[in-house]
Amino acid sequence: QVQLVESGGGLVQAGGSLRLSCAASGRTFSVYAMGWFRQTPGTEREFVAAINWSGGSTYYADSVKGRFTISRDTTKNTVYLQMNSLKPEDTAVYYCALNKGAVGVRTERFYDYWGQGTQVTVSS
């Protein structure tokens, strides 16, 4: 089993920044990628960003490209999401996820493990 614990959410004004962290523990070998998704009430969870664990290639949703940066520290089994120039429409619960299957890093159903989520609220 793998456990994912997110931290770093909170309340910020529009234009501000937050950094989310997600620490993985347990059976973390054979990780292909880790990603961030977000969800607002009444909507489906949407892809935000992902990073290939070994090579470091990154992938972003168009809505966050240029504002968010995903990174990882393989020595700490931790993935980060630096969020800059935040907008009220970025308000959501952000989930960290781990992909062991090597396909579909932008697709929710290809992720094997999920964190509990952390709330990000951006006020206007």
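Placement of Val12 and Tyr94 within a single hydrophobic cluster is found when ILVMFWY residues are connected by side-chain heavy-atom separations under 4.5 Å, directly or transitively.
Minimum interatomic distance between Ala24 and Met34 (heavy atoms only, all atoms of both residues): CB-CE, 4.4 Å. Scanning all heavy atoms of the two residues, the minimum distance from Val48 to Leu81 falls at CG1-CD2, 4.2 Å. Counting all heavy atoms, side chain and backbone alike, Gly8 lies closest to Leu18 at O-CD2, 3.9 Å. Contact between Pro88 and Ala14 at its shortest, heavy atoms only, is CD-CB, 4.1 Å. Leu4 approaches Cys96 most closely through the heavy-atom pair CD1-O, 3.8 Å.
Side-chain contact check for Val2 versus Asp112: every heavy-atom pair is 4.5 Å or farther apart. At least one side-chain heavy atom of Leu20 sits under 4.5 Å from a side-chain heavy atom of Val120. Using a 4.5 Å heavy-atom threshold, the side chains of Ile70 and Val79 count as touching.
Between Arg67 atom CZ and Gln82 atom CD the span is 12.0 Å, to the nearest 0.5 Å. Rounding to the nearest 0.5 Å places CZ of Arg19 at 11.5 Å from CG of Asn84. Interatomic distance, OG of Ser124 versus CD of Gln13, reported as 9.5 Å (0.5 Å rounding). With rounding to the nearest 0.5 angstrom, the SG atom of Cys22 is 10.0 Å from the CG atom of Asn77.
Residues forming a side chain to side chain donor-acceptor pair (under 3.5 Å) with Glu108 (at least two apart in sequence, or on another chain): Arg45. Contacts of Ser7 classified as side-chain contact (heavy atoms from CB on, under 4.5 Å), with partners at least two apart in sequence or in another chain: Ser21.
Pairs of residues two or more places apart, or lying in two chains, that qualify as ring pair (Phe, Tyr, Trp, His ring centres under 6.0 Å) and include a residue from residues 33-62 are Phe37-Phe47, Phe37-Tyr111, Phe37-Trp114. For the salt bridge (charged side-chain N to carboxylate O under 4.0 Å, His left out) condition, the pairs that include at least one residue of residues 32-42, sequence neighbours left out, are Arg38-Glu46, Arg38-Asp90. Sorted by first then second residue, the salt bridge (charged side-chain N to carboxylate O under 4.0 Å, His left out) pairs that include residues 3-16, not counting sequence neighbours, number zero. Within the structure, no pair that satisfies the salt bridge (charged side-chain N to carboxylate O under 4.0 Å, His left out) test touches residues 72-86, not counting sequence neighbours.
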Begin with the C-alpha distance, continue with both residues' side-chain angles, and end with the deciding distance and a verdict on side chain to side chain contact (heavy atoms under 4.5 Å, CB included) for Gln119 and Thr91. CA-CA 8 Å; Gln119 176 71 46; Thr91 295; 4.0 Å; yes
Would Asn52 and Tyr32 count as a side chain to side chain contact (heavy atoms under 4.5 Å, CB included) if you check the C-alpha gap in whole Å, the side-chain angles of each, and the deciding distance to 0.1 Å? CA-CA 6 Å; Asn52 174 269; Tyr32 176 73; 3.3 Å; yes
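With hydrogens and angles disregarded, no donor-acceptor distance shorter than 3.5 Å links the side chain of Thr58 to the backbone of Ile51.
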